[in-house]
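Data first, discussion second: the structure below is written as structure tokens.
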Amino acid sequence: MVYNGKNPKGWERLFANTVIVLTVITAVLILLTNTASALTYEDKPNVTAYIVGSNHLTRGNYEILNVVVYNPAERKKVDYAYEEESMFFSGRENMLFTAYNVELKLEGNGYVEVKTPEQKIPALPPFKPVRLQFVVKVDDDAKTGEYLLKLRVKFDRIDGLEYLDTYPPQEVPVQKVVSGTNETLTEEYRVLTEAYKIRYKEVSFEIPLTVYVEEKNVRLEIANVTAENMMGRAKGRVIVWVKNVGDKTGRNAYLILETPPGFTTSTPQNDMATPVPMQIPSAMPSTTPALATIKPTAVQPTVTASVSQPTYYIGDFKPGEVAKAVFYVKVNVREEGNYTFKVRAVYLNEYNQTEYSNEVPFGVHVAKAPDFKVKSVQSKVYVNTKGDVIVKIVPTVDLKDVSVYISTSPPLSVLSAKYYLGDVRAGEEYTAVFKIQASNDAKPVTYPAEIRLKYRSLDEYFESDPIEIGIKVNPKMRLEVYGTPKIQAGSEAVVEWTVKNVGNFTIREATARLTIVDPFSSSDDTAYIGTLKPGETAVVKFKLKVDRDATPKLYGLNLEVKYKDPEDEWAVSEPVKAVVEVTPAKAPYGLIPLLIFSAVVVGFLAWRRRKK
């Protein structure tokens, strides 16, 4: 159209059409330019995943799923958009086939719950698998069968080089230490500094993973627990009810009790608990008992392995049933507290193979070990004699078939070490009597001794911790002797002394005995005293004969008393000195007149001599 100045609207229409055509041409050119500059390659990075190991899960359990993820991209033909892009990726093609910022999240369903959060991998090169672990829990109500889980995958892959800037080479000093010498060299290297930006494309998708929920094997759950006579240093009974919350029947099943340190399991012959050889490998809510309860039978199963431990036979253990087991436990600890026991089952599966159930813990309260208090100790033991020791005790708990034992060390010895009390009640006072001997070396002091209780717990006997007591040894009878009788040398006479009881107890059937030594002799060296109370005196008489040539002086003879002490035991006092004076012997008969006559003659002769 030619503009002639007469039709301005035609000109405007021409101008508008021209603008539209130019716009379309420009858009086409831009589209062609962008298409030509896009980076393309045949096998782009990707992520795939699969489960390794078992994908079979058990209801009610926490399970670990091992998932392997890898990048299957192969290095094939790559088309670069422009020369700079080609130069940049030259030697770096692995970047193009690597998946970056990989995020993996496993999602469960209404029956399988995934406990592990999202996991991340910074870079996943081709054919370099990574193993991930996910913890999952299968609901107890899940039915047996196949379940689908979703693994959500998100990652970035390179979409092209957005820009590349280079800078002139720069000399950067670098120190290099020559190996084997102490010399340090400084060298210069030329480096090319560049700045670039890579364009990424985000990719996301889901990978289905299949798992299978199996029937649960025999699985135990505590239904109830009772404990009887469980106290330190005793034997008690633990009765446990367990429920089979699994889906399978355990044939010829046994229950095994695992005890904490300080406890041992024993089995009375009149119970269904039976020691059976078996391997015990090595947690746990309580529930109410189920409706059905298994009654033990006498059928013996064939479950064998390498270790022997008392067990309780319960027979075929069906799903939903409750089994009762009775275990007898010997408690070797003495501290009070709650102790953790564990129970599990061993049984035959449908293939006649031995299997073990889960291990379920439960608590048992143990009371403090039996003890007693000593109220008093009364000693009737005297030096060099035997006597009773009377001990009054108070037990802290009720006990059966109790005996009290005592032990000593020299100079004391035990003549009767055991005193039987029978059944005792806590808080009541009981008396035990022992016979103790004190040697002649004993002193009138208090000597240490120990007493302990021995008691019956079920069908076994146990001992308490010993308690130290003191046994006082009383002194012997103390005597004092008064008087100093006289006897002429060469004569025989009855002499007497006064004996006084200066001790603190009455003696009975006492007899004094005089120890005869030269120059004395006697045909009767004993004198009966009888009963002598503290402070009383008695006269004792002995017939003594003295040699004629005995030297006139004071002599001391040992006098001791044999008596019965308050314990009706014979004892002998310490000897005391009984002093006797020996006087000169009498002249012979007829010697005196002769002496008188001789004196008269001597006097007469002296008189005549003076007279002359």
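Asn358 contributes a side-chain N or O that, together with a main-chain N or O of Leu220, makes up a donor-acceptor pair within less than 3.5 Å. For the pair Arg513 (side chain) and Thr515 (backbone), a donor-acceptor distance under 3.5 Å is absent. With hydrogens and angles disregarded, no donor-acceptor distance shorter than 3.5 Å links the side chain of Thr537 to the backbone of Val499. With hydrogens and angles ignored, the 3.5 Å screen pairs a side-chain donor or acceptor of Tyr430 with a backbone N or O of Arg425. No donor-acceptor pair under 3.5 Å is formed between the side chain of Asn384 and the backbone N or O of Ser439. The closest donor-acceptor contact from the side chain of Thr385 to the backbone of Tyr382 lies at 3.5 Å or more, if one exists at all. Ser379 contributes a side-chain N or O that, together with a main-chain N or O of Lys472, makes up a donor-acceptor pair within less than 3.5 Å. Distance alone, capped at 3.5 Å, places no donor-acceptor pair between the Arg334 side chain and the Ala369 backbone. Using a distance-only test at 3.5 Å, with no hydrogens or angles considered, a donor-acceptor pair links the side chain of Ser573 to the main chain of Val561. Of the possible polar contacts, one joining the Ser464 side chain to the Leu453 backbone as a donor-acceptor pair under 3.5 Å is found.
The existence of a salt bridge linking Asp465 and Arg452 is excluded, since no basic side-chain nitrogen approaches an acidic carboxylate oxygen closer than 4.0 Å. A salt bridge is absent between Asp525 and Lys543; no separation between the charged side-chain nitrogens and carboxylate oxygens falls under 4.0 Å. The pair Arg233-Glu463 does not count as a salt bridge, with every side-chain nitrogen at least 4.0 angstrom from each carboxylate oxygen.
Using a 4.5 Å heavy-atom threshold, the side chains of Val242 and Asn244 count as separate. For the pair Asp524/Lys541, no side-chain contact is recorded, criterion being any heavy-atom separation below 4.5 Å from C-beta on. Using a 4.5 Å heavy-atom threshold, the side chains of Val331 and Val366 count as touching. Using a 4.5 Å heavy-atom threshold, the side chains of Val414 and Ile406 count as touching. Side-chain contact between Phe372 and Val394: absent, with no pair of heavy atoms (C-beta onward) separated by less than 4.5 Å. The shortest distance between side-chain heavy atoms of Leu554 and Thr484 falls below 4.5 Å. Side-chain contact check for Lys235 versus Phe462: some heavy-atom pair is nearer than 4.5 Å. Within the 4.5 Å cutoff, the side chain of Ile467 has no heavy atoms near those of the Ile393 side chain.
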Salt bridge (Lys or Arg N to Asp or Glu O under 4.0 Å) assessment of Lys330 paired with Glu460
CA-CA 9 Å; Lys330 187 174 180 180; Glu460 293 190 35; 3.7 Å; yes
Stepwise side chain to side chain contact (heavy atoms under 4.5 Å, CB included) test for Val377 and Ile390
CA-CA 6 Å; Val377 178; Ile390 303 169; over 6 Å; no
Might you work through the side-chain hydrogen bond (donor to acceptor under 3.5 Å, both in side chains) test for Asn474 and Lys380, ending with a clear yes or no?
CA-CA 7 Å; Asn474 300 293; Lys380 296 182 179 181; over 6 Å; no
Apply the test side chain to side chain contact (heavy atoms under 4.5 Å, CB included) to residues Tyr563 and Met477: give CA-CA distance (whole Å), side-chain angles for both, the deciding distance (0.1 Å), then the verdict.
CA-CA 9 Å; Tyr563 59 91; Met477 172 195 176; 3.3 Å; yes
Output, in order, the C-alpha distance, side-chain angles, deciding distance and verdict of salt bridge (Lys or Arg N to Asp or Glu O under 4.0 Å) for Lys500 and Glu480.
CA-CA 5 Å; Lys500 183 179 181 179; Glu480 289 183 357; 5.4 Å; no
Let's go through Ile256 and Val346 carefully: what are the C-alpha distance in whole Å and the side-chain angles of both, what is the deciding distance for side chain to side chain contact (heavy atoms under 4.5 Å, CB included) to 0.1 Å, and is it a yes or a no?
CA-CA 7 Å; Ile256 309 168; Val346 57; 3.7 Å; yes
Determine, stepwise, if the pair Glu228 / Arg237 fulfils salt bridge (Lys or Arg N to Asp or Glu O under 4.0 Å).
CA-CA 5 Å; Glu228 301 173 5; Arg237 184 167 35 237; 2.7 Å; yes
Side chain to side chain contact (heavy atoms under 4.5 Å, CB included) between Val383 and Asp441: does it pass, once the steps are laid out?
CA-CA 8 Å; Val383 174; Asp441 297 329; over 6 Å; no
Could you walk me through whether Tyr313 and Asn252 pass the side-chain hydrogen bond (donor to acceptor under 3.5 Å, both in side chains) test, one step at a time?
CA-CA 8 Å; Tyr313 179 62; Asn252 293 335; 3.3 Å; yes
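In terms of heavy-atom proximity, Phe434 sits nearest to Ala417 at CE2-O, 3.5 Å. In plain terms, the two heavy atoms of Leu544 and Trp497 that are nearest each other are CD1-CH2, 4.4 Å. Across every non-hydrogen atom of Gly387 and Val381, the tightest pair is O-CG2, 3.6 Å. Between Ala426 and Asp398, the shortest heavy-atom contact is N-OD1, 2.7 Å. Closest heavy-atom contact between Pro361 and Ile222: O-CG1, 4.1 Å. Counting all heavy atoms, side chain and backbone alike, Lys577 lies closest to Val481 at O-CB, 4.1 Å.
Going from atom OG1 of Thr431 over to atom CD of Gln378 covers 10.0 Å, rounded to the nearest 0.5 Å. Separation of atoms CD (Glu574) and CG (Asn558) is listed at 10.5 Å; rounding is to 0.5 Å. Between atom OG of residue Ser403 and atom OH of residue Tyr461 there is a gap of 7.5 Å, rounded to the nearest 0.5 Å. Interatomic distance, Arg344 CZ to Glu359 CD, rounded to the nearest 0.5 Å: 5.0 Å. Summarising the geometry, atom NZ belonging to Lys342 is positioned 11.5 Å from atom CG belonging to Leu257; distances are rounded to the nearest 0.5 Å. Note that CD1 of Ile436 and CG of Leu415 are 6.5 Å apart. Values are rounded to the nearest 0.5 Å.
When the options Asp565, Asp568, Thr531 are evaluated for a side chain to side chain donor-acceptor pair (under 3.5 Å) with Arg508, the one that passes is Asp568.
Lys476 and Asn440 form a side-chain donor-acceptor contact under 3.5 Å, judged by distance and modelled atom types alone. For the residue pair Asn349 / Glu355, a side-chain donor-acceptor distance below 3.5 Å is found, with atom types taken as modelled. Neither side chain, Asn501 nor Lys533, offers a donor N or O lying under 3.5 Å from an acceptor on the other. A donor-acceptor pair shorter than 3.5 Å can be found between the side chains of Ser457 and Asn229. Between the side chains of Asp459 and Tyr328, no donor N or O sits under 3.5 Å from an acceptor N or O.
Relative orientation of the Tyr555 and Phe520 rings is perpendicular, given thresholds of 30° and 60° on the angle between their planes.
You'll find the ring centres of Tyr419 and Tyr405 outside the 6.0 Å limit. Taking the centre of each ring, Tyr347 and Tyr254 stay at or above the 6.0 Å mark.
At most 12 non-hydrogen atoms from other residues, nucleotides or ligands lie less than 6.0 angstrom from NZ of Lys368.
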